[in-house]
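What's counted below: heavy atoms across the whole structure, side chains too, no hydrogens, waters or symmetry copies.
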Amino acid sequence: MTNPQRCRQHLTDGQNRRRPAAVLIALACLSGTLGCEQPRRDYHLPPDCLPVRYEAATTYATCLVSSVAMGANYLLGDRKLSERQIQVDLKRLHYNETRVGDLKAYLRQLPERLYLVTLTGQLDAEPPTGLRYWLEKRGYPVICVINRDPGCDPGFNHAVLVIGISTNQKGSSADIVHYLDPSSVGQLHSAPVDEFEIIWASGDHAMMIVCQDPT
């Protein structure tokens, strides 16, 4: 794994529906190999994954923007948003690409009037905060904030898009979480649920869903 790079993004309104207090999280694009700096490796989706089209982060500050674009494009069934275009639009609107609130406002201004739902999640299938609930019962990819830093420094928080959880076929009882990392040469990552839980917990279990109907 490459050395983490800080982009010092700040999510300023990751609201938790179970707790009224706002969750403040900082995002970092963890890989130094962003955009077209190095060729990206092809991947094949495992079973039980949503067929989401990959969108790369081209700067150290756009892992969240790319994750939002991937979630929105999957919802709309077409590549209507790109990381680059969102950056241009946000600059024109004087919005900050690192603020969740600004991305929420941006999505609401689109003709499709999209919502960015923010939650503190868990790995089960219980609504409305279960990761499995959104993936398997509602059919939405889920933006999760992870942190691979051993010291859990929030400056290394990072947005990825979870697209599926599949049963481990190698004899272990642990299921496998599959996610797209917009800042990694290896676009698709797969990790046992217990390992994913550790890095997700280090990001305060923050998660976001792009949808058209917030109910």
Side-chain angles (χ1 to χ4, degrees), residues 11 14-18 23 25 27 43-57 63-81 100 103-104 107 112 114-148 157-170 172-184 186-215:
L11 301 184
Q15 188 176 12
N16 175 2
R17 290 188 176 182
R18 292 181 297 169
V23 178
I25 23 185
L27 290 183
Y43 64 91
H44 299 284
L45 289 179
D48 306 314
C49 283
L50 300 174
V52 177
R53 177 172 178 165
Y54 184 81
E55 184 77 23
C63 52
L64 177 60
V65 169
S66 294
S67 296
V68 167
M70 286 190 281
N73 289 337
Y74 179 76
L75 176 68
L76 299 173
D78 193 9
R79 189 173 183 257
K80 295 191 174 183
L81 297 176
V100 174
L103 279 166
K104 284 185 175 184
L107 291 175
E112 296 82 5
L114 303 179
Y115 293 83
L116 183 62
V117 176
T118 54
L119 299 166
T120 297
Q122 51 197 359
L123 279 167
D124 61 29
E126 294 299 316
T129 60
L131 182 60
R132 288 181 182 271
Y133 165 74
W134 286 100
L135 287 167
E136 299 170 358
K137 295 185 178 181
R138 297 293 300 273
Y140 288 90
V142 179
I143 301 166
C144 288
V145 176
I146 64 172
N147 189 319
R148 298 189 182 99
N157 283 1
H158 177 53
V160 298
L161 189 73
V162 178
I163 59 173
I165 302 176
S166 60
T167 301
N168 191 339
Q169 302 296 328
K170 296 182 180 180
S172 171
S173 61
D175 292 341
I176 305 296
V177 178
H178 307 285
Y179 60 93
L180 298 176
D181 186 336
S183 305
S184 174
Q187 302 170 18
L188 176 68
H189 293 251
S190 300
V193 289
D194 53 348
E195 293 181 13
F196 183 80
E197 166 63 20
I198 291 172
I199 59 176
W200 191 27
S202 296
D204 293 328
H205 289 109
M207 72 181 194
M208 290 158 269
I209 303 97
V210 180
C211 61
Q212 288 180 302
D213 182 354
T215 60

dist I199:CD1 -> Y179:OH (nearest 0.5 Å) comes out at 4.0 Å
Interatomic distance, OG@S67 vs NE2@H158, rounded to 0.5 Å, equals 7.0 Å
**Item:** Side-chain heavy atoms of W200 within contact of L123, under 4.5 Å
**Value:** yes
- Query: Less than 4.5 Å apart, any side-chain heavy atom of H205 and any of Q122?
  - Reply: no
For Y54 and S183, the nearest pair of non-hydrogen atoms, with its separation, is OH-N, 4.0 Å
When you check the side-chain N and O atoms of H178 and D48, is any donor under 3.5 Å from an acceptor? no
- Check against side-chain contact (heavy atoms from CB on, under 4.5 Å), L114 and L76: CA-CA 10 Å; L114 303 179; L76 299 173; 4.2 Å; yes
Between L50 and P141, the two heavy atoms sitting closest are CD1-N, 3.4 Å
TODO: Would you mind reporting whether H189 and I146 have side-chain heavy atoms less than 4.5 Å apart?
DONE: no
Interatomic distance, CD1@I143 vs CG@L64, rounded to 0.5 Å, equals 6.0 Å
- Task: Using the side-chain contact (heavy atoms from CB on, under 4.5 Å) rule, take T129 and T120 through it: C-alpha gap first, then chi angles, then the decisive distance, then the call.
- Result: CA-CA 7 Å; T129 60; T120 297; over 6 Å; no
Applying ring pair (Phe, Tyr, Trp, His ring centres under 6.0 Å) to Y133 and not counting sequence neighbours gives none
dist L75:CG -> K80:NZ (nearest 0.5 Å) comes out at 10.0 Å
CZ (R53) and CG (D78) are apart, to the nearest 0.5 Å, by 8.5 Å
Tightest non-hydrogen contact, residues L116 and K104, listed as O-CE, 3.1 Å
Shortest non-hydrogen pair, K137 vs A125, comes out as NZ-O, 3.8 Å
Side chains of L119 and I209, heavy atoms from C-beta outward: is any pair under 4.5 Å? yes
So SG of C49 and CG of L135: to nearest 0.5 Å the spacing works out to 9.0 Å
Short side-chain to backbone donor-acceptor contact, N147 and G203, under 3.5 Å
no
Heavy-atom check, side chain of L188 versus side chain of P46, under 4.5 Å: yes
Between E55 and S66, do the side chains contain a donor N or O and an acceptor N or O under 3.5 Å apart? no
query: Should F196 and V162 count as side-chain neighbours, where that means a heavy-atom distance under 4.5 Å?
result: yes
task = Find out whether C144 and L131 are in side-chain contact, i.e. whether some heavy atom of one side chain is under 4.5 Å from a heavy atom of the other.
result = yes
Please work out whether the ring planes of W134 and Y140 are parallel, tilted or perpendicular, with thresholds of 30° and 60°. perpendicular
### Task
Go through the steps for R132 and D175 under the test side-chain contact (heavy atoms from CB on, under 4.5 Å), then give the verdict.
CA-CA 12 Å; R132 288 181 182 271; D175 292 341; 2.7 Å; yes
Between D181 and V160 (side chain of the first, backbone of the second, donor and acceptor by atom type, cut-off under 3.5 Å), is there such a pair? no
- Message: Just so I know, are the side chains of M208 and L103 near enough to count as touching, which here means a heavy-atom distance under 4.5 Å?
- Response: no
